[in-house]
Amino acid sequence: MMTLIAIFFPSLSFLLRGKLLTALLCLILQITLIGWIPAGIWAVVSLQNSRAERRNTKLLRAMRSR
């Protein structure tokens with residue numbers, strides 16, 4: 001669901017994740033028709049990186065607790 005939001009509403013994706021300044025910058029980029037595609041790609045890649053970072057943090061905590 002969040003991936004679809006990142007594709008169609010890139011600035012909203014950043015806003016929902018609490019990145020206000022990044023959401024504003026993305027909104028400025030997506031205002032132009034040509035900038036919409038890079039903004040969507042940026043939002044999807046950022047979302048995937050955020051998920052990977054959470055997953056890695058969770059794995060590191062599990063490894064340390066052993």
Side-chain angles (χ1 to χ4, degrees):
M1 179 72 177
M2 194 66 173
T3 304
L4 288 175
I5 292 173
I7 292 170
F8 293 111
F9 305 104
S11 60
L12 182 63
S13 169
F14 287 114
L15 193 62
L16 290 174
R17 289 186 283 143
K19 298 182 176 190
L20 301 176
L21 202 55
T22 308
L24 180 63
L25 184 62
C26 187
L27 181 63
I28 292 169
L29 181 63
Q30 92 183 51
I31 286 174
T32 64
L33 188 60
I34 296 172
W36 193 281
I37 294 170
I41 293 170
W42 177 26
V44 170
V45 168
S46 175
L47 179 64
Q48 296 303 321
N49 286 342
S50 175
R51 288 177 178 167
E53 187 175 328
R54 258 187 284 143
R55 186 174 52 245
N56 289 339
T57 303
K58 191 175 178 182
L59 285 171
L60 284 173
R61 280 191 208 139
M63 289 173 62
R64 288 181 184 153
S65 68
R66 285 186 175 190

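Sequential numbering from 1 along the given sequence is applied to the chain's residues.
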**From CA spacing to verdict: side chain to side chain contact (heavy atoms under 4.5 Å, CB included), W42, T22** = CA-CA 10 Å; W42 177 26; T22 308; 3.5 Å; yes

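- Of all non-hydrogen atoms in P10 and A39, the two that sit nearest each other are CB-O, 3.5 Å.
- When V44, L47, I41 are each tested for a side-chain contact (heavy atoms from CB on, under 4.5 Å) with I7, only one passes: V44.
- A donor-acceptor pair under 3.5 Å links the side-chain atoms of T57 to the main chain of E53, judged by distance alone.
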Which side-chain N or O atoms in residues 27-34 pair as donor and acceptor under 3.5 Å with protein atoms at least two apart or in another chain?
residue	atom	partner	partner atom	Å
Q30	OE1	S11	N	3.1
Q30	OE1	S11	OG	3.4
T32	OG1	L29	O	3.1
T32	OG1	G35	N	3.0

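- Atoms OG and CZ, from S46 and R17 in turn, are 4.0 Å apart once rounded to the nearest 0.5 Å.
- Minimum interatomic distance between A43 and F14 (heavy atoms only, all atoms of both residues): CA-CZ, 3.7 Å.
- The structure places NZ of K19 at 5.5 Å from OG of S50, a figure rounded to the nearest 0.5 Å.
- For L21, the CG atom sits in a loose shell: 12 or fewer heavy atoms of surrounding residues, nucleotides or ligands are nearer than 6.0 Å.
- Follow the hydrophobic side-chain contacts under 4.5 Å out from M2 and you reach F8 in the same cluster.
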